[in-house]
Protein chains: 2
Amino acid sequence: MTARRSDATRAAILVAARERFAADGFERATIRAIAADARIDPSMVMRYYGNKEGLFAAAADFDLRLPDLGDIAADRVGTALARHFLDRWEGDDTLMALLRTAVTKEAAAERMRSVFAQQVGPVAARLAPDPGQAATRAGMIATQMLGFALCRYILRLPPVVTLSPDEAAAWLAPTIQHYLTGEAAAGAEETGRRGQP
Amino acid sequence: MTARRSDATRAAILVAARERFAADGFERATIRAIAADARIDPSMVMRYYGNKEGLFAAAADFDLRLPDLGDIAADRVGTALARHFLDRWEGDDTLMALLRTAVTKEAAAERMRSVFAQQVGPVAARLAPDPGQAATRAGMIATQMLGFALCRYILRLPPVVTLSPDEAAAWLAPTIQHYLTGEAAAGAEETGRRGQP
DNA sequence: CCCGTTTGCCAACAACCGTTGACTTGATCT
DNA sequence: AGATCAAGTCAACGGTTGTTGGCAAACGGG
């Protein structure tokens, strides 16, 4: 397939869409505002992306780009993961657009689920000491990383915003490492039982 | 001030508003839908709460209701906090309404910030080994608790949804405890420096 | 050079939203 | 009983949004 003459316009729309979705979320980001940012007519957005959901799907196409962790000592993976997540968040509007939208749109939440299941899950599966708990371990890592992003980039809690990237990584790394390779939490020994009682 | 005749209506509006805000977020929850749930006219909402933001402010008035932790051993506070947070989330729509809205509305984000600063902050200030790091420790606790709530109740990541409350508390407690009283993360020794370089 | 296709703009529609004001009903007090 | 005021209903307005179809200009192959 050869390059179309409208590729520049398509790309401009996508950039503007990512910025608006990241800054305002899905509902408050209007097609008119996105089109104005991209200096084109709103109807162009419809022509190239069908409708607002199609535009979002194209703008929020995301990959964590986790590096190969094979050559990293198992007890240093926590640090590597924490740093990678932070780098990924700082430079890319896509993750923020996805998170802001996933809170209110089921389709975006589903994409968020698949990102973590397909990209963090395998890492846990390879490094977790207990294969049966790998999914849970990946899930707990997601809670910590998404929670950190939520507090730092969206809610902007002052003590979390103030942290330098190095400090942030230093706080997060032991938690990630613990969820990944630390002792599993049984949790059912006090008042309940695993799964449904 | 004596009880007004309209108190039942006011309360019905508030209940319906909390449910809608919690389920749909601020923008997708319409005054018309809330009024329909409460079986009254939309104009009643305006009369009693001024406008949509006033309604939200009334519906999202929230208190963590942290218990007195004075009589709990310092090394068991993590467990107590984790359990309390979980209880608070399970039973009350208010927190979900607040979180769903805080992601896109600055006023709600500000309320979220003050909730954690004024309610979690003091706990950290009393138990942290290093007073200067108390705010940071409270912030990291917020990242973990809000991240867990985000993944379990809003994004519904399967491995996090599946956990029983006891299992969840067992996973969260060591992390909270570590953020509260564990060794502080220096974090600036590798490539950066604390605060601005 | 001409004709079909792509690219873009313009105006408009239909739906929905928050919000308002006027009117009716019902309770309460003298 | 009649006056007063709160409680509730109804219809509408102004604005915004996603979306559509028609039309003009630019482009490119024959």
Side-chain angles (χ1 to χ4, degrees), chain A residues 1-60 97 100-108, chain B residues 1-60 97 100-108:
Chain A
M1 193 68 69
T2 168
R4 281 159 303 195
R5 194 153 34 100
S6 60
D7 282 350
T9 303
R10 293 176 129 92
I13 292 174
L14 231 46
V15 169
R18 266 192 274 266
E19 287 174 1
R20 284 281 178 178
F21 283 138
D24 301 337
F26 185 81
E27 357 268 350
R28 309 179 69 122
T30 71
I31 289 189
R32 285 173 156 88
I34 292 169
D37 287 357
R39 300 177 188 282
I40 47 98
D41 190 87
S43 63
M44 293 283 93
V45 178
M46 312 302 298
R47 193 197 295 267
Y48 292 136
Y49 296 98
N51 56 23
K52 193 179 179 182
E53 302 214 8
L55 173 62
F56 177 80
R100 271 228 165 83
T101 302
V103 167
T104 40
K105 289 271 293 179
E106 173 56 23
Chain B
M1 193 69 68
T2 169
R4 283 159 300 195
R5 192 155 34 101
S6 60
D7 282 349
T9 302
R10 293 178 127 94
I13 293 175
L14 230 47
V15 169
R18 265 191 275 264
E19 287 174 1
R20 284 280 178 177
F21 283 138
D24 301 336
F26 185 80
E27 356 268 352
R28 309 178 70 125
T30 70
I31 288 189
R32 285 173 154 90
I34 292 169
D37 287 356
R39 300 177 188 282
I40 47 98
D41 191 88
S43 63
M44 293 281 92
V45 177
M46 312 302 297
R47 192 197 293 269
Y48 293 136
Y49 296 98
N51 55 24
K52 193 179 180 182
E53 301 215 8
L55 172 62
F56 177 80
R100 271 226 166 85
T101 302
V103 167
T104 41
K105 288 272 292 180
E106 173 56 24

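Since this is a predicted model, take the numbers as computed values, not measurements. Chain letters run A, B, ... following the sequence lines, proteins first, then strands; residues in each count from 1.
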Q: Could you check whether any side-chain N or O of A:Arg100 sits under 3.5 Å from a backbone N or O of B:Val103, counting only pairs where one atom can act as donor and the other as acceptor?
A: yes
Q: Under the side-chain contact (heavy atoms from CB on, under 4.5 Å) test against A:Ser43, which residue among A:Ile40, A:Asp41, A:Val45 passes?
A: A:Asp41
Q: Rounded to whole Å, please give me the gap between CZ in A:Arg39 and P in C:dC9.
A: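 Value for this atom pair: 12 Å.
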Q: Can you check the B:Ile34 CD1 to C:dC17 C1' distance for me, whole Å?
A: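 Checked: the CD1 to C1' distance equals 12 Å.
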Q: Give a yes/no answer on whether the side chain of B:Ser6 brings an N or O atom under 4.0 Å of OP1 or OP2 in D:dA7.
A: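 Affirmative; the distance criterion is met.
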Q: With side chains defined as the heavy atoms from C-beta onward, is the minimum distance between B:Glu27 and A:Phe26 less than 4.5 Å?
A: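 Side chain of B:Glu27 against side chain of A:Phe26, heavy atoms only: no contact under 4.5 Å found.
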Q: In whole angstrom, what separates A:Ile40's CD1 from D:dA25's P?
A: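 After rounding, the reported distance stands at 20 Å.
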Q: So which one's nearest nucleotide on DNA chain D is more toward 5', A:Asp41 or A:Arg28?
A: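 Looking at the nearest nucleotide for each, A:Arg28 comes out on the 5' side.
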Q: Would you indicate which nucleotide in C:dG8, D:dT17, C:dT19 comes nearest to any side-chain atom of A:Arg32?
A: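 Per side-chain heavy atoms of A:Arg32, the pick is D:dT17.
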Q: Over how many whole Å does the gap from B:Arg4 atom CZ to C:dA27 atom C1' extend?
A: 17 Å
Q: Between B:Tyr48 and A:Ala29, which is nearer to the 5' end of DNA chain D once each is assigned its nearest nucleotide?
A: B:Tyr48
Q: Nearest-Å distance, CG (A:Asn51) to P (D:dT20)?
A: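 Value for this atom pair: 8 Å.
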Q: I need the CE-C1' distance between A:Met44 and D:dG18, as an integer number of Å.
A: 15 Å
Q: Counting only N and O atoms by type, is there a donor-acceptor contact under 3.5 Å from the side chain of B:Lys105 to the main-chain atoms of B:Glu53?
A: no
Q: Is any side-chain N or O of B:Thr30 under 3.5 Å from a base N or O of C:dC16, one able to act as donor and the other as acceptor?
A: no
Q: With a 4.5 Å limit on heavy-atom distance, are the side chains of A:Ile34 and A:Leu55 in contact?
A: yes
Q: Counting only side-chain heavy atoms from C-beta out, which of D:dA7, C:dT7, D:dG8 sits nearest to A:Arg47?
A: C:dT7
Q: Under 4.0 Å between any heavy atoms, over every strand shown, what does A:Ser43 touch: base, sugar-phosphate, or nothing? Just pick one.
A: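 The residue A:Ser43 makes base contact.
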Q: Could you check how far NZ of B:Lys52 sits from P of C:dC16, rounded to whole Å?
A: 15 Å
Q: Could you check how far CZ of B:Arg5 sits from C1' of C:dG26, rounded to whole Å?
A: 7 Å
